[in-house]
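What follows is a single structure, written as structure tokens, with notes after it.
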Amino acid sequence: MGNLETIAEKICASFEAKNRVRDETLQLSRELIRHCAKAIRATHRGEFEQAAELLATAKALASTMVERVADYADLYYAGYTQDALKEFAEANITYALITDRPLPDPDELGVEYAAYLNGLGETTGELRRHVLDLIRHGELERGEEILAMMDDIYGVLITIDLPEAVTGGLRHTTDMVRGVLERTRGDLTLSLQQEKLQQALRDFEKRVNSEG
């Protein structure tokens, strides 16, 4: 038992080092999520240059966070780390789709596939928000284009039928996407019908005025 104290000191030193990394990772994950939220908000406001700058900073934060936990698989796969990377994926996908840029690849983002797919699913909530803004501005044709993107996302997610432990709870996200998609389809369909009715009334008024 003469070496018990030495073993205990070694273990404690290892735990302390891991705890420091954990604390640093938690801080980085919060900062990453904050930048992603700001990037999404800037995207919705049409402040695309600012959104791009925020995403660039977020990418640096994500890379640093992943590097910090490289030696600790359990910290890398911890909920707060993967949630932050999911938000990072969501922010980048939202920006790309709204600005008509190519969809970012998960490998380029440095995001696990499960986190990427869940981020992709949650992007539909942001796209719904964008569609509602388009409806308010009368840009229904663009709204239909965004709805088609949402439909494509759902069409892909519904085909991934694997255990939740593998996909990170993707089934729940897919169920959410279906609800968001159908509500958005209903809102857009109603707006299109109203637009057609208003156009018919305008045409009728023009015809009456021309005959008068």
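What you see is a predicted model, and the numbers here were worked out from it, not measured in a lab.
Listed for the Ser29 side chain is a donor-acceptor partner under 3.5 Å among the backbone atoms of Leu26. The backbone N or O of Ala39 sits nowhere less than 3.5 Å from a side-chain atom of Gln50 that would complete a donor-acceptor pair. A donor-acceptor pair is defined here as one N or O able to donate and one able to accept, closer than 3.5 Å; no such pair exists between the side chain of Ser14 and the backbone of Lys10. Of the possible polar contacts, one joining the Asn118 side chain to the Ala114 backbone as a donor-acceptor pair under 3.5 Å is found. Using a distance-only test at 3.5 Å, with no hydrogens or angles considered, no donor-acceptor pair links the side chain of Asp151 to the main chain of Leu147.
Identified under the salt bridge (charged side-chain N to carboxylate O under 4.0 Å, His left out) test for residues 95-109, with sequence neighbours left out: Asp100-Arg142.
To the nearest 0.5 Å, atoms CD1 (Ile40) and OG1 (Thr123) are separated by 7.0 Å. Here the straight-line distance linking atom CD1 of Ile158 with atom CZ of Arg178 works out to 6.0 Å at 0.5 Å rounding. In this structure, CZ on Phe88 lies 11.5 Å from NE2 on His35, to the nearest 0.5 angstrom. Note that CZ of Arg128 and CZ of Arg183 are 5.5 Å apart. Values are rounded to the nearest 0.5 Å. Taking OG1 of Thr6 as the start and CD1 of Ile11 as the end, the distance is 11.0 Å to the nearest 0.5 Å. Here the straight-line distance linking atom CZ of Arg171 with atom CD of Glu164 works out to 5.0 Å at 0.5 Å rounding.
Both Tyr116 and Leu55 belong to a common hydrophobic cluster when Ile, Leu, Val, Met, Phe, Trp and Tyr are linked at side-chain heavy-atom distances under 4.5 angstrom. Residues Leu120 and Val131 share a hydrophobic cluster, clusters being chains of Ile/Leu/Val/Met/Phe/Trp/Tyr side chains in contact below 4.5 Å. Residues Tyr154 and Met176 fall within the same hydrophobic cluster, defined by Ile, Leu, Val, Met, Phe, Trp and Tyr side chains chained together at heavy-atom separations under 4.5 Å. One hydrophobic cluster, built from ILVMFWY side chains closer than 4.5 Å, holds both Ile98 and Leu132. No single ILVMFWY cluster, assembled from side-chain heavy atoms under 4.5 Å apart, contains both Ile33 and Tyr77.
Counting heavy atoms from C-beta on, the side chains of Ile135 and Leu140 come closer than 4.5 Å. Taking 4.5 Å as the limit, every side-chain heavy atom of Tyr76 sits out of range of all side-chain heavy atoms of Asp71. Looking at heavy atoms from C-beta onward, Asp83 lies in side-chain contact with Lys86 at the 4.5 angstrom threshold. Between Glu87 and Glu90, the closest side-chain pair of non-hydrogen atoms falls below 4.5 Å. Looking only at side-chain heavy atoms (C-beta outward), Leu170 and Leu157 come within less than 4.5 Å of each other. Two residues are said to be in side-chain contact when any heavy atoms from C-beta on lie closer than 4.5 Å; Leu97 and Ile153 meet this criterion.
Looking at every heavy atom in both residues, His130 comes nearest to His44 through N-CE1, 4.0 Å. Heavy atoms only, all atoms of each residue included: Thr173 and Gly121 are closest at CG2-CA, 3.8 Å. Heavy-atom minimum distance, Thr189 versus Arg185: OG1-O, 2.7 Å. The nearest pair of heavy atoms linking Leu28 to Met65 is CD1-CA, 3.8 Å. The two residues Ala58 and Cys36 come nearest to each other via the heavy atoms CB-SG, 4.3 Å. For Leu85 against Ala62, the heavy-atom pair with the smallest separation is CD2-CB, 4.1 Å.
For Thr25 and Arg68, the side-chain atoms include no donor-acceptor pair closer than 3.5 Å.
Using a cut-off of 4.0 Å between Lys/Arg side-chain N and Asp/Glu carboxylate O, Arg20 and Asp23 are scored as not salt-bridged.
No more than 12 heavy atoms of other residues, nucleotides or ligands sit less than 6.0 Å from atom CD of Glu49.
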